[in-house]
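The structure under discussion appears below in the form of structure tokens.
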Amino acid sequence: MVTTKSQSNVLRYDIVGSRRFSNYCFAVIVAIGASGFLLAGISSFLKINLLPFADPLQLEFVPQGLALSFYGVAGTLLELYLLYVMVIDYGSGYNEFDRNIGKVTVFRRGRNKSKNIELIYKIADVQAVRVEIRNGLNPKRALYLRVKGKGDLPLSQVGQPIGLTELEDRAADIAKFLSVPLEGL
């Protein structure tokens, strides 16, 4: 969920990163699958049943148990990466429009502090707010800020498309706040 903080001269939208419910669900599913594969492979090697709901003792370690162990290790590494990404909240940040200092700030969190992205532009350099809506099998609903000499700067969060009403309202609010034209609607 994207939250909005608006004062008389500051407009701020917080962006959700990798700490989403869907990512937590996916991480749990990967962890369960990886541990099942790993336990099945280890069981076939040790000839001890470590899985209460299956009988991996009938598997030969070479090649079935070895393949299951490989999938278990690969799944565990994927799980560790997913947990790391969620702990650092990769991709989160904010879009801030501040008329007090005349700046637009777009901040996104990276893998570490040196990989964070912080773009700062003058409000006077902003030419327009652009909305891109593409429906179909792979829908896209994105919001861009057209900056003089820089092209279109994405303001939308990555992941599931934002609702049409929310996208239109946000685009209209930003365009009105910055006193620039709204394109694409």
Side-chain angles (χ1 to χ4, degrees), residues 1-5 11-97 104-120 132-134 136-145 152-167 170 174:
M1 182 60 67
V2 178
T3 59
T4 306
K5 180 179 107 178
L11 183 64
R12 180 183 170 123
Y13 294 100
D14 292 325
I15 303 296
V16 177
S18 60
R19 290 184 188 165
R20 300 169 190 254
F21 180 72
S22 61
N23 286 352
Y24 286 110
C25 291
F26 186 67
V28 167
I29 291 168
V30 168
I32 291 169
S35 56
F37 279 120
L38 196 55
L39 287 175
I42 293 170
S43 292
S44 71
F45 178 72
L46 298 176
K47 299 297 182 198
I48 300 171
N49 191 357
L50 300 174
L51 290 172
F53 54 85
D55 189 17
L57 299 178
Q58 298 175 357
L59 299 173
E60 293 293 325
F61 180 68
V62 176
Q64 293 99 346
L66 194 59
L68 289 173
S69 297
F70 172 75
Y71 291 135
V73 168
T76 302
L77 292 175
L78 176 62
E79 171 66 18
L80 290 173
Y81 174 73
L82 290 172
L83 289 175
Y84 169 71
V85 166
M86 287 187 286
V87 164
I88 64 170
D89 200 13
Y90 187 79
S92 66
Y94 59 87
N95 302 322
E96 186 173 81
F97 310 93
V104 173
T105 304
V106 177
F107 176 81
R108 299 293 183 274
R109 184 166 282 115
R111 288 190 321 247
N112 55 39
K113 288 187 180 189
S114 66
K115 300 290 183 181
N116 289 346
I117 297 172
E118 185 172 25
L119 305 172
I120 301 172
E132 183 178 338
I133 299 172
R134 185 177 64 217
L137 199 55
N138 188 16
K140 181 176 183 179
R141 296 179 188 145
L143 185 61
Y144 297 94
L145 195 65
D152 291 346
L153 179 68
L155 297 178
S156 304
Q157 61 190 21
V158 177
Q160 68 186 54
I162 190 172
L164 283 174
T165 306
E166 186 179 351
L167 179 71
R170 185 174 304 161
I174 294 171

Restricting to non-hydrogen atoms, name the atom on [X] and the atom on [Y] that form the minimum distance, rounded to 0.1 Å.
X	Y	answer
L38	S69	CD1-O, 3.8 Å
L57	S43	CD2-O, 3.8 Å
I15	Q157	CG2-CB, 3.3 Å
A27	M86	CB-CE, 3.6 Å
V16	R19	CG1-O, 4.2 Å
Y84	R111	OH-O, 3.1 Å

Spell out, as yes or no, whether a donor-acceptor pair under 3.5 Å connects the side chain of [X] to the backbone of [Y].
X	Y	result
S44	P56	no
N116	G110	yes
D152	Y144	no
R108	E118	no

To the nearest 0.5 angstrom, please state how far the [atom1] atom of [X] sits from the [atom2] atom of [Y].
X	Y	atom1	atom2	answer
N23	L83	CG	CG	11.0 Å
I88	K113	CD1	NZ	12.5 Å
R141	E166	CZ	CD	11.0 Å
L77	L82	CG	CG	11.0 Å
E96	L11	CD	CG	9.0 Å
N95	L119	CG	CG	10.0 Å

Around [X], counting heavy atoms of other residues, nucleotides and ligands shown, do more than 12 lie under 6.0 Å from its [atom1]?
X	atom1	value
K47	NZ	yes
Y24	OH	yes
F107	CZ	yes
F61	CZ	yes
F45	CZ	no

Please examine the side chains of [Y] and [X], heavy atoms only from C-beta on, and report whether any two atoms are closer than 4.5 Å.
X	Y	answer
I174	Y13	yes
L155	F97	yes
L143	L167	yes
L51	N49	yes

Determine, step by step, whether T76 and F37 satisfy the side-chain contact (heavy atoms from CB on, under 4.5 Å) criterion, reporting the C-alpha distance in whole Å, the side-chain angles of both residues, the deciding distance to 0.1 Å, and the verdict. CA-CA 10 Å; T76 302; F37 279 120; over 6 Å; no
